[in-house]
Amino acid sequence: IVKSNCIFSGNGAGISVHGNGKGVIEDNEIYENISACVGICENGNPIIKHNKIYNGKNAGIYIYNNGQGVIEDNDIYCNENSGIAIYSGGNAKVIRNKIHDGKSNVIALDNSKGVIEDNDIFQNNSCGIRISNGANPMIIRNKIHDGVKEGILVDNSLGAIEENDIFGN
């Protein structure tokens with residue numbers, strides 16, 4: 001359990017979960033890390049909830065190489081790359097988060113999967129959700145609004161996009 005900490009200004013990831021690692025990351029402030037604020041890979045499968053994840057020099061949360069996890073009820077904002085990036089076989093559940101004010105807010109690429117459900121995704125500097133390079137996520141009941149470019153961009157991918165409110169992009 002990683003709870004009620006300030007984790008900041010690291011030269012790599014603020015927190016890294018890999019090699020079948022599990023655990024709960026809760027009620028932390030995670031910010032200004034050079035790599036992702038939280039990195040999940042190699043079958044890592046944490047629960048990440050009630051955190052503020054912001055001002056990362058890369059992604060707020062980076063899920064790759066078969067990383068998993070449940071990411072719920074976080075405030076993820078002002079990250080230089082994406083708020084949440086799911087790559088290379090990543091498969092996370094992203095539920096009820098506020099994801100905003102980043103370059104791109106949610107990215108699913110390179111044969112990744114996942115469920116992106118009931119999030120408020122807004123004021124991004126690119127698309128709200130980008131799905132490309134063979135990704136196949138489920139995008140359900142999100143509010144995607146007030147972004148600079150597309151609400152959802154799909155390129156060379158699959159996915160289910162159901163019951164979302166997409167406006168003001």
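The list of ring-ring contact (aromatic ring centres under 6.0 Å, His included) pairs with a residue in residues 2-26, not counting sequence neighbours, reads Phe8-Tyr31. Sorted by first and then second residue, the ring-ring contact (aromatic ring centres under 6.0 Å, His included) pairs with a member in residues 149-169 read His145-Phe167; sequence neighbours excluded.
Side chain of Asn169 to backbone of Gly147: a donor-acceptor contact under 3.5 angstrom is found. In this structure, Asn91 contributes its side chain and Gly114 its backbone to a donor-acceptor pair below 3.5 Å. In this structure a side-chain-to-backbone donor-acceptor pair under 3.5 Å is present from Asn142 to Asn119. Under a 3.5 Å cut-off, the side chain of Ser157 and the backbone N or O of Ser132 do form a donor-acceptor pair. Checking side-chain atoms of Asn28 against main-chain N and O of Asn5 turns up a donor-acceptor pair under 3.5 Å.
Between Val106 and Ile144, every side-chain heavy-atom pair lies at or beyond the 4.5 Å cut-off. Counting heavy atoms from C-beta on, the side chains of Ile25 and Val17 come closer than 4.5 Å. The shortest side-chain heavy-atom distance between Leu109 and Arg130 falls under the 4.5 Å cut-off.
By the criterion of side-chain heavy atoms lying less than 4.5 angstrom apart, applied directly or through intervening Ile, Leu, Val, Met, Phe, Trp or Tyr residues, Ile53 is not grouped with Ile107; the two fall into different hydrophobic clusters. The cluster map of Ile, Leu, Val, Met, Phe, Trp and Tyr, joined by side-chain heavy atoms under 4.5 Å apart, puts Ile140 and Ile86 in different clusters. Following chains of ILVMFWY side-chain contacts shorter than 4.5 Å, one can reach Ile7 starting from Ile63, so the two form part of one hydrophobic cluster. By the criterion of side-chain heavy atoms lying less than 4.5 angstrom apart, applied directly or through intervening Ile, Leu, Val, Met, Phe, Trp or Tyr residues, Val94 is grouped together with Ile166 in one hydrophobic cluster. Tyr87 and Ile40 fall into different hydrophobic clusters, where Ile, Leu, Val, Met, Phe, Trp and Tyr side chains are chained together by heavy-atom contacts under 4.5 Å.
In this structure Tyr77 satisfies the ring pair (Phe, Tyr, Trp, His ring centres under 6.0 Å) test together with Tyr54, His100, sequence neighbours excluded. For Asn43, the side-chain hydrogen bond (donor to acceptor under 3.5 Å, both in side chains) test picks out no residue, with sequence neighbours left out. Asn65 meets the side-chain contact (heavy atoms from CB on, under 4.5 Å) test with Cys41, Ser88; sequence neighbours excluded.
Within 6.0 Å of atom CG in Asn20, more than 12 heavy atoms from other residues, nucleotides or ligands are found, so the atom counts as buried in its surroundings. In Lys93, the NZ atom is not crowded: 12 or fewer heavy atoms of neighbouring residues, nucleotides or ligands sit closer than 6.0 Å. Counting heavy-atom neighbours within 6.0 Å of Lys3 NZ, excluding the residue itself, gives a total of 12 or less.
A salt bridge does not link Asp118 to Arg96: none of the charged side-chain nitrogens sits closer than 4.0 Å to a carboxylate oxygen. Between Glu72 and Lys49, none of the side-chain N atoms (NZ, or NE/NH1/NH2) sits under 4.0 Å from a carboxylate O, so this pair counts as no salt bridge. Using a cutoff of 4.0 Å between basic side-chain nitrogens and carboxylate oxygens, Asp120 and Lys98 are not scored as salt-bridged.
Between the NE2 atom in His50 and the CG atom in Asp27 there is a gap of 6.5 Å [rounded to 0.5 Å].
Minimum heavy-atom separation, Asn81 to Ala59: CB-N, 4.0 Å. Shown here for Ala135 and Ile131, the closest heavy-atom pair between the two residues is CB-CG2, 3.8 Å. Across all their heavy atoms, Lys149 and Cys127 have their closest contact at CB-N, 4.1 Å.
Hydrophobic cluster of Leu153: no remaining members, since no ILVMFWY side chain lies below 4.5 Å from it.
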